[in-house]
Amino acid sequence: VTELEELLSFGCQLKGNCVGNGKCCHRRDPAFEKALKDMTDLAKNMYDTFQSSCSSCPRNGGWSEWCEWGPCSQSCGVGMKTRTRQCNNPTPQGGGQDCDGNAMDTMPCSGPDCCTHGNWASWMSWSSCSATCGDGSKTRTRTCSNPPPNYCGRPCAG
C-alpha cells in the first residue's frame, strides 16, 4: 500500500466507491477533510516562505481581502460608500507585476429621505390699484416653492 493510497483511505467508511487497494470510500470523514485542508495550507505556507526568501525572484502581487464597507457619505438620501484592499498578499517583488484591478470599490447607499424645508420664492409683480380714484390698494404675493417642503420638511415661516 502506498502512502497516497493510505491517505485516500484515511477516515473513509468501508462501503461505496473502492480505491485501488480494495478499501472503499463512500464519503469523506471530517477528520480527513481537516487533514487535507491543513496539508494544503502547509504547502501554500512553504511556497510563500520559499518565495519570500528569494528576494531576486520575480513575484507578482496579490490582493488582500476587502476591508469592511465604510459609512455612507450622506446621512439621508442617496450617497456612496467605499471599501479598500491592499496589494500585499503577497507584495510584488523582484520585477513582479502589481495587482490587477482596483484597490477601491464603491457602491451607492441610501439613508432615510432627507427633509426639505420650504423656502419663499421671489415676490410676484404688484397688482393694479383696486380703485380707479381715491384710496385703493395694491398687492403682491409669493409662494412657498423655492423649494416646497416635503412630507417631513417645515413650511415657510411668515
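Here the structure is a predicted model, which is why all the values come from computation and not from measurement. Below, all heavy atoms of this structure are taken into account, side chains as well, without hydrogens, waters or symmetry copies.
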Exercise for the section: Mind checking the NZ-CG spacing from K37 to L42? Nearest 0.5 Å is all I need. Expected result: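 It is 11.5 Å, given to the nearest 0.5 Å.
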What are the two closest non-hydrogen atoms of [X] and [Y], and how far apart are they?
X   : Y   : value
W69 : K81 : CZ3-O, 3.5 Å
S73 : G79 : OG-CA, 3.5 Å
C99 : G61 : SG-C, 3.4 Å

Practice task
Report yes or no: does N146 contribute a side-chain atom to a donor-acceptor pair with the main-chain N or O of N119 at less than 3.5 Å?
Solution key: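 No, the answer is negative, given that no donor and acceptor are paired below the 3.5 Å cut-off.
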Problem - Sidechain-backbone polar pair: W63 side chain, D100 backbone, donor-acceptor under 3.5 Å - result: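 Side chain of W63 to backbone of D100: a pair is present.
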Problem - Those residues that, when tested against D38, pass salt bridge (charged side-chain N to carboxylate O under 4.0 Å, His left out) (two or more places apart) - result: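 Checked D38 against salt bridge (charged side-chain N to carboxylate O under 4.0 Å, His left out); matches are K34.
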Practice task
Report yes if some heavy atom in the side chain of N60 is under 4.5 Å from a heavy atom in the side chain of P92; otherwise report no.
Solution key: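 Of all side-chain heavy-atom pairs linking P92 with N60, none is under 4.5 Å.
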Problem - All side chain to side chain contact (heavy atoms under 4.5 Å, CB included) counterparts of N88, not counting sequence neighbours - result: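 Residues passing side chain to side chain contact (heavy atoms under 4.5 Å, CB included) with N88: S64, Q86, T91.
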Using atom types as modelled, flag every donor-acceptor pair under 3.5 Å from a side chain in residues 147-157 to any protein atom, sequence neighbours excluded.
from : atom 1 : to   : atom 2 : distance (Å)
N150 : OD1    : T116 : N      : 3.0
N150 : OD1    : C152 : N      : 3.3
N150 : OD1    : G153 : N      : 3.1
N150 : ND2    : C114 : O      : 2.8

Practice task
Please check if atom CE in M124 has more than 12 non-hydrogen atoms from other residues, nucleotides or ligands closer than 6.0 Å.
Solution key: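 Count not over threshold, so no.
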Problem - Contact list for residues 132-148, test salt bridge (Lys or Arg N to Asp or Glu O under 4.0 Å), sequence neighbours left out - result: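 Output for this query is empty, none listed.
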Return a table of donor-acceptor pairs under 3.5 angstrom between the side chains of residues 102-110 and protein atoms on other chains or two or more places apart.
from : atom 1 : to  : atom 2 : distance (Å)
D105 : OD2    : R83 : NE     : 3.1
D105 : OD2    : R83 : NH2    : 3.1

Practice task
With sequence neighbours left out, write down each residue that passes side chain to side chain donor-acceptor pair (under 3.5 Å) with K44, or none if nothing qualifies.
Solution key: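 Per chain and number, K44 pairs via side chain to side chain donor-acceptor pair (under 3.5 Å) with no residue.
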